[in-house]
Amino acid sequence: MGMGEAEAGSPAVLEEEEEEEEEGGWGWRARSKLSAVLAALWVVLVVTGVTALHRSLRHGALVKAEEGIVCMCEERARMLQDQFAVSVNHVHALAILVATFHYEKQPPALDQDTFADYTARTSFERPLLSGVAYAQRVMHADREAFERQQGWIIKTMKHEPSPPQDEYAPVIYSQETVSYIEGLDMMSGEEDRENILRSRATGKAVLTRPFRLMSNHLGVVLTFPVYLVDLPPDAKVEDRVAATAGYLGGAFDVESLVENLLRQLAGNQELVVNVYDVTNHSNPLVMYGSEVPLGAPSPSHTCTLDFGDPFRNHHMICRYRSEPHVPWSAITTPSGVFVILMLIGYIIYAAWNRYDSVKEDCRKMEALKKRAEAADVAKSQFLATVSHEIRTPMNGVLGMLDMLLDTELKSTQRDFAQTAQICGKALISLINEVLDRAKIEAGKLELESVPFDLRSILDEVVSLFSSKSREKGIELAVYVSERVPEILLGDPGRFRQIITNLVGNSIKFTERGHIFVQVHLADHSNLATEPKVESVANGINGHIDETSVVSTSVPHNTLSGFEAADSRNSWENFKALLSYDTNDMAYGSDSGNVTLVVSVEDTGIGIPIHAQGRVFMPFMQADSSTSRNYGGTGIGLSISKCLVELMSGQINFVSRPNVGSTFTFTAVLQRCERNAINVSKSALLHPLPSSFQGLSTLLVDKRPVRATVTEYHLQRLGIASKSVRTIEQALGVLLGRNGTSLTSMPRKQLSMLLVESDSWGLKMDVPLRTRFLEMKQNGCESVFPQVILLSLADSDKMKAEYAVDSVITKPLKASTLAACLFQSLGISITQANNEKKHHGPDSLYGLLLGKNILVVDDNKVNLRVAAGTLKKYGAKVECVESGKDALERLQVPHKFDLCLMDIQMPEMDGFEATRQIRAIEAKAHEQRDNADNSDAGSTAKKAQWHLPVLAMTADVIQATHEECTKYGMDGYVSKPFEEKQLFKAVQKFLGPSASS
């Protein structure tokens, strides 16, 4: 029975399914037809909308182009009128000149030669006029007398004798460029006659029709009347005609005017400019440009030009060189809209697939973003790591050198140690420049403004190159004018970089002679920088043949006796500057700015003539062999030029092949009084010892420039000096011969006798000692003066060769000279160094004295350096080698006042250690807060247990600074740290204000 029912029910089910399929099929076909109709309707609507959008955008672009051409055309027309008016004013002024000196002076003060000379010399005021001429009004009755006076007859424009007429206008004065029209009657030309009549009737400048000038340019003739008397603006025509004396005319180059104008403005290439004379509307005349066919599709605009001639009309027509292109937005925007709208249906049907695709794309983009961010972090980390790996050993080197300099050293040893320290600091500076590359590329390099001692910076530069100069046997010297303030406000690092680059180049390219650095005030150095005509090639003035600039062997009055490139830096000018320095007249400027002129003179190989134009170009050298022979990248001078310009200065040079080079630059700094310097900046200054005050010395040097430099260094130490040229003259001074003695010095007792090595005669040792003994027996001297030799050679070798008490090795600088004199005069160097230490409460010593400081660093050398540096200033230092050991020492309560924490350490870095230290402090605060709910008490305890933690890092990029703040550090000091940097970092935590 079940089977039967099933068999009976089957046909009914099949029929129902077929009906459903038919209904579904009909509905699907109906929906398909409806979808097709809707799709077609959608396409029609989309195409209609996109077409309307395209037309709207295209119309807007066309309107914008028309507005643009109107603006540009109006601007060009206005500027053209202004420039034309300027030229007309100059012609008007020339007409007044003629009226004044030809008619108002009796006899006339003007003649052809004077007019030609004046107009030639003032032609720069009328660059668009090819020439000017003056034609005098001559009546027929006066013609014979006029021709007899001038010595020639009046001719027509065709150079034929002018026929009789009522009046004439012969040219009597003309510029040399148009001298061929002298004697020609301007009234004989129809156009010129019309111009003359119109100009004298109106009193205004009038123009002719355009015609071809001798330069083949289109131009017009400008005519201006010259009156015998001043006329009111409303004078009648007959009054003007009666008062007319003559006519001043000039050929005006319209094409050049328009060309110069268009070159000054942007958008030249896309515009076509035509200037027309439309006085006759039916036949316009072209003044500039070529005819453009009427009906051109390009938009155009016409401007009216007013050249001051009421009888002539001029127009300027501007149009685009080609029809404005359809903007891409008018194509891309409708196309994009069309595509988007057509894809809406597809997006609806394929939403899920599209969602998956977009999701996958987003995942890939996120992955790419993370990879890019990781690459950027890796780059920063690489720079930080490289910086850390280089600065960490350099910290040890500089620290050990610093501690070495605090011990008893010989003068030569101290000089070597100081030079090594300066070189190490220069390497650190180079690393900082690499890390600041992003700032330089972005143009955000800013100069510091801190007080510094210019003379100490120059001493440091001398120290840096002293070894190389001694090795080459060349004189290296510096001289700073007494007028230059002792303390200046500026960027000492960048100033040092400029001097180092220039002196380094001089050392590199100089094999004999000298290198001389001078610093003067700009107002006073005019004595040495006034323009002087020389037959030399330099970086600004012209060139000459290289074969004509060969150095001769004739001795010159310079630092070393070799010829210098710039003869303006002669001994005569140098003496003038010295006399200016000794003058008591105050500095003339009342402002706080100080403009320095610094010159670096060498006697090296010079710069070839053909290479002088590219000296300041980056990565460019004199020739291809320079880098192979001398090394270098060719970027030093380019960087120096940029730094000089940042200091509001300029740099130039004078160079002569085989003679040498002299680079001169200016820099604008600010005055800074010593009493205005706060203690935090006092570490930038380097005071000299005062132990030599009152001493006197006699200097023997046959070269006056070199003697002046030596006296400059002695004066800085407070030593009075007098210079003579020979040993015999020195003995004469000691004996008081020729009325000369040492009584003019602060002390009569002579302390030292300084002798230059090349002024020391053969076998002078025994005679000199004999004379000293005789002088002592005669009562002239009670004590033998110390005989000190100044030499470029090794001091021990020279001391053994010459019977002298001591040898000072050049180049001279104040610190080396002081150290040598300490040894020669028996003064303790340690005692002298103690003079410079500051133990006041506002000094680094006063801040650190008795303070407990914890130093955390995994590098034992760095620990030793940091501990030695801090102990030098009176601190009690404990050292640990890991972050875990630091946490054990810093469990609350502890005794430490400050913690210096290295960042990169194994197991636990400085960031994590600081984070846990702050967690320990927070836990201690919480426990005390629970014990005492007083807000004031809680605050006091919180302040009590906040240990200042300073990051002691070797990488100084911005990311590291941000990380320090993020993990709770209070600041940072970069390795290797110096006194001024350490003082600035700890002052706010250990100073009086922090204690209060």
Heavy-atom pair of closest approach, residues [X] and [Y]:
X      : Y      : result
Pro657 : Pro608 : CG-CA, 4.3 Å
Asn195 : Val206 : O-CG2, 3.2 Å
Met157 : Gly189 : CG-N, 3.8 Å
Ala169 : Ala135 : O-CB, 3.4 Å
Pro170 : Gly183 : CB-O, 4.4 Å
Thr208 : Arg312 : O-NE, 3.8 Å

Kindly indicate whether the side chain of [X], heavy atoms from C-beta on, has any atom under 4.5 Å from the side chain of [Y].
X      : Y      : answer
Val275 : Leu305 : yes
Phe101 : Phe115 : no
Phe663 : Leu637 : yes
Ser174 : Val132 : no
Phe653 : Gln612 : yes
Gln165 : Met187 : yes
Met287 : Leu218 : no
His159 : Leu184 : yes

From [X] [atom1] over to [Y] [atom2], what is the distance, rounded to the nearest 0.5 angstrom?
X      : Y      : atom1 : atom2 : answer
Glu74  : Thr304 : CD    : OG1   : 8.5 Å
Ser335 : Trp328 : OG    : CH2   : 9.5 Å
Thr595 : Leu669 : OG1   : CG    : 8.5 Å
Asn652 : Thr666 : CG    : OG1   : 8.5 Å
Ser188 : Arg193 : OG    : CZ    : 9.5 Å
Asn280 : Leu285 : CG    : CG    : 7.5 Å

ask   = By side-chain hydrogen bond (donor to acceptor under 3.5 Å, both in side chains), which residues pair with Ser329, not counting sequence neighbours?
value =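 Partners of Ser329 by the side-chain hydrogen bond (donor to acceptor under 3.5 Å, both in side chains) criterion come out as none, since no residue qualifies.
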
Non-neighbouring partners of Asn89 that pass side-chain hydrogen bond (donor to acceptor under 3.5 Å, both in side chains), sequence neighbours left out =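 Asn89: no side-chain hydrogen bond (donor to acceptor under 3.5 Å, both in side chains) contacts found.
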
Test your reading of the model: is there a side-chain donor-acceptor pair from [X] to the backbone of [Y], 3.5 Å cut-off?
X      : Y      : answer
Thr122 : Tyr118 : yes
Thr279 : Asn313 : yes
Ser655 : Ile607 : yes

request  = Take His520 and Leu596 through the test side-chain contact (heavy atoms from CB on, under 4.5 Å) and record every step on the way to the result.
outcome  = CA-CA 6 Å; His520 300 278; Leu596 302 181; over 6 Å; no

message = More than 12 heavy atoms of other residues, nucleotides or ligands under 6.0 Å from CG of Asn283: yes or no?
response =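 More than 12 heavy atoms, drawn from other residues, nucleotides or ligands, come within 6.0 Å of this atom.
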
message = Around atom CG of Asp82, are there more than 12 heavy atoms from other residues, nucleotides or ligands closer than 6.0 Å?
response =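 Count over threshold, so yes.
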
Apply side chain to side chain contact (heavy atoms under 4.5 Å, CB included) to [X] and list each qualifying residue two or more places apart in sequence or on a separate chain.
X      : answer
Ala667 : Phe495, Met647, Phe665
Asp306 : Gln81
Asp117 : Arg121
Ala95  : Phe224, Val226, Leu248

Side-chain donor-acceptor contacts of residues 47-70 below 3.5 Å, not counting sequence neighbours, with atom names and distances?
from: Thr48; atom 1: OG1; to: Val44; atom 2: O; distance (Å): 2.7
from: Thr51; atom 1: OG1; to: Val47; atom 2: O; distance (Å): 2.7
from: His54; atom 1: ND1; to: Ala330; atom 2: O; distance (Å): 2.7

remark   = ring pair (Phe, Tyr, Trp, His ring centres under 6.0 Å) pairs touching residues 233-264, sequence neighbours excluded, are Phe84-Phe252

Please table the atom pairs, donor to acceptor, closer than 3.5 Å between any side-chain atom in residues 235-243 and protein atoms at least two apart or in another chain.
from: Arg240; atom 1: NH2; to: Pro233; atom 2: O; distance (Å): 3.2

inquiry  = Less than 4.0 angstrom from a charged side-chain N to a carboxylate O is my criterion; do Asp277 and Arg209 meet it?
reply    =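 Between Arg209 and Asp277 there is no salt bridge, as every charged N stays at least 4.0 Å from the carboxylate O atoms.
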
message = Do the side chains of Arg198 and Asp309 get close enough for a salt bridge, i.e. N-O under 4.0 angstrom?
response =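 Answer for the salt bridge query: yes.
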
inquiry  = Just to verify, what does Lys641 make a salt bridge (charged side-chain N to carboxylate O under 4.0 Å, His left out) with, not counting sequence neighbours?
reply    =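 By the salt bridge (charged side-chain N to carboxylate O under 4.0 Å, His left out) rule, Lys641 matches Glu645.
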
task = Using the ring pair (Phe, Tyr, Trp, His ring centres under 6.0 Å) rule, take Phe307 and His314 through it: C-alpha gap first, then chi angles, then the decisive distance, then the call.
result = CA-CA 8 Å; Phe307 288 150; His314 302 86; 5.0 Å; yes

task = Please identify each residue that fulfils ring pair (Phe, Tyr, Trp, His ring centres under 6.0 Å) with His102, with sequence neighbours left out.
result =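 Expected list: Tyr173.
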
inquiry  = I need the full list of side-chain hydrogen bond (donor to acceptor under 3.5 Å, both in side chains) pairs touching residues 131-151, with sequence neighbours left out, sorted by first then second residue.
reply    = Tyr103-Tyr134, Arg137-Glu167, His140-Tyr168, Arg143-Glu147, Arg143-Tyr168

task = Start with the C-alpha distance between Met316 and Cys73, add both sets of side-chain angles, then the distance that settles side-chain contact (heavy atoms from CB on, under 4.5 Å), and finish with yes or no.
result = CA-CA 8 Å; Met316 173 186 284; Cys73 194; 4.2 Å; yes

request  = List the steps, then state whether side-chain contact (heavy atoms from CB on, under 4.5 Å) holds for Thr664 with Val598.
outcome  = CA-CA 6 Å; Thr664 305; Val598 185; over 6 Å; no

Single hit among Leu94, Thr177, Val178, Val91 for side-chain contact (heavy atoms from CB on, under 4.5 Å) with Leu129 = Val91

request  = Evaluate the side-chain contact (heavy atoms from CB on, under 4.5 Å) criterion for residues Val668 and Asn593: first the C-alpha distance (whole Å), next the side-chain angles of each, then the deciding distance (0.1 Å), finally the verdict.
outcome  = CA-CA 6 Å; Val668 180; Asn593 290 338; 4.0 Å; yes

